[in-house]
Amino acid sequence: MSAACEAAAAAGPARLARDAAAGAAERAGTATMALAPAQGMSVRGLSVSYGRIPAIMDVDADFPLGAMTAIIGPNGAGKSTLLKAALGLVPRLTGEVRVLGRPLERARDLIAYVPQRASVDWEFPARVIDVALMGLYRRKGLWRLFDRNDRRRAMECLAMVGMESFARRQIGELSGGQQQRVFIARALAQDAQAYLLDEPFAGVDAATERAIVAVLRQLRDAGRAVVCVHHDLSTAPVYFDRALLLNRVVVAQGPTAETLTPRNLRLAYGGRLETAATP
Amino acid sequence: MIDPLIAEISSPEFVQLSLPPMVIGALAAMSCALPGNFLLLRRQSMLADAVSHVALPGIVAAFLLTGSMAGGTMMLGAGAAALVAAGMIEAVRRVGRLEPGAAMGVVFTAMFALGVLMLERTGASGVHLDVEHALYGNLESLIWFDATGWSSAADPRALAGLPAPLWRLAAALAAMAALTRLFWKELTISTFDPGHAQVIGVPVRALSLGLTGATAAAAVAAFDAVGSILVIAMFICPPAAARLCANTLSRQVWLSMLFAALSALVGYVLAGYGPLWLGARGSVSAAGMIAVVSGLILALACVAGPARRRAGGALGAEGR
């Protein structure tokens, strides 16, 4: 724990380190984390349909602060849709989203979203540092451009994912894992309360996966809510504190071990699972 | 070689006949290239095509309604048509759930056809709007009668006689530059990653509509000079060539300005003197030659641009 704090203090924004220390003290004092719904991101009654096809129905979900939550389910279960609808990126039929008790429209400063890597054009004329700087947008007025302080902060965030030496590299030159790290650095620069990532481990190398998990754990330890759409059932119990098992409706959610039981997995995946389900 | 050039440039005829079209051509190309940069990166290059086509029925309608060829009237008509079309494109995209290219294709072809039909009607009525002018522009006719030489540039009375499109395009370029600067971060972020932009509160839809509006305004401002067809090259060629030579967006935008101005100047000179140098007589369409030169610059960038296929090459090297 203290190692993570030191790493955060050395490499990352000071506020993250301070919050991590506070989080550690809190955990030491209280055996269990009892979290009110307002502490984190909460989704109530969320339904989305694409045309006439319902994608997700009546989803209630809680993504508490200080926890890493995996959204798990079979292909087409609506995992990405849940994330996007919760963020207002796809229109929802019904539902309400609150972040730290605030409605979504007033919570723009509190959310960092990391879309699927393939969702953007990496041929875009930008360097690694330019993408990291985009995370600082909310801090700048309309006319002001990014200055030296912003650049320093963006470099700190790149350092947290081991990409500082690539700062001046064209983003199109990066490998998939490096692109994912740059996306994470952009999210770190936002200094948000809730981090929502869509398949952050898809198509990345093992070193990147380790680096990303380490950074996400730092965020968790600093009291942030971390939510990932995740598809690897074997790593889910290792990486995540909580899981939300989804197949158009919520099958189960809670602490990972209690949620990803063989029975629940069968319910979510149907008969398709037998080999993959049992770790 | 140099002396005749200087003599040519310092002659009153040059200032009177060649300078205004060159400046107007450069202003038009630069005004269009600015929004063109973002259209290109958003894969919406066809939007420029659409908008410049749909301006035609608006201009003709304004002419038929008022019988006036005044710049302001044509601007109003074209602007109205472009706004109608921009709205229709968004509506067809959203309501019809068509991909953007198809939505634009449907709307701009229909409106352009309407414009051509209406052009024929102007022939039938006593007053006439020149079809060639409407389609290819009329850069060569934009001359400065009041100029007596370079000294006229400091003479307020002579300056008042500059062709109206020059002022219009100067204002257009200033507006485009101001808007690009003002919304630089927002345009960059929402063009690169619209999802992320929307989550952090960038008004993605408003920016998209604004870009469409700016495209329409640039196309209309350039209509007098280069018509409604050749203007498309000005939106896309300089930014595309600049993209192949630059690794950051700001460098791409500055380079596109350079390429736009260059193609206008070189294009105008080649149109005027090219046939003479080849032993032929007369001259060719300046707007046409400007489009050709900007295409040649793009071709050159495709072959020799330092940033072309950077991603592919680097990935290949690193992947191994």
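Letters go in sequence order (proteins before strands), and every chain restarts at 1. Keep in mind that this is a model prediction, so the values were computed, not measured.
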- Query: Is it the case that Y113(A) and Q198(B) place a side-chain donor and acceptor less than 3.5 Å from each other?
  - Reply: no

Considering only distance and modelled atom types, tabulate donor-acceptor pairs under 3.5 Å from the side chains of residues 95-104 of chain A, sequence neighbours left out.
residue, atom, partner, partner atom, Å
E96(A), OE2, R98(A), NE, 3.2
R98(A), NH1, G101(A), O, 2.5
R102(A), NH1, R106(A), O, 2.7

- Nearest heavy atoms of L89(A) and G195(B), plus distance in Å: CD2-O, 3.5 Å

- Query: Between H196(B) and M134(A), what is the shortest heavy-atom contact and its length?
  - Reply: CE1-O, 3.9 Å

Can you say whether [X] sits under 4.5 Å from chain B via the side chain, the backbone, both, or neither, judging by heavy atoms?
{"X": "D121(A)", "result": "both"}
{"X": "E105(A)", "result": "neither"}
{"X": "V114(A)", "result": "neither"}

- Student check: side-chain heavy atoms of R251(B) and P125(A) closer than 4.5 Å: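 No, side chains not in contact.
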
- Are any non-hydrogen side-chain atoms of W143(A) and R181(B) less than 4.5 angstrom apart?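 W143(A) vs R181(B): side chains touch.
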
- Among T188(B), T191(B), I200(B), which has the most heavy-atom pairs under 4.5 Å with chain A? I200(B)

- Message: I'd like to know which of T248(B), L41(B), V199(B), L249(B) tops the heavy-atom pair count under 4.5 Å against chain A.
- Response: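 Among T248(B), L41(B), V199(B), L249(B), the one with the most close pairs to chain A is V199(B).
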
- Query: Between I171(A), L87(A), L145(A), which residue shows the highest count of heavy-atom pairs closer than 4.5 Å to chain B?
  - Reply: L145(A)

- Message: Are there over 12 heavy-atom neighbours, none belonging to R148(A), within less than 6.0 Å of that residue's CZ?
- Response: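 Atom CZ in R148(A) is not packed in, count stays at 12 or less.
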
- Message: Counting neighbours of CZ on R168(A) that are heavy atoms of other residues, nucleotides or ligands and sit closer than 6.0 Å, is the number greater than 12?
- Response: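 Incorrect, the count does not exceed 12.
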
- Toward chain A, the part of V204(B) with a non-hydrogen atom under 4.5 Å: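 For V204(B), there is no contact with chain A at all, as no heavy atom is under 4.5 Å.
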
- Query: How are the rings of F124(A) and F192(B) set to each other: parallel, tilted or perpendicular (split at 30° and 60°)?
  - Reply: tilted

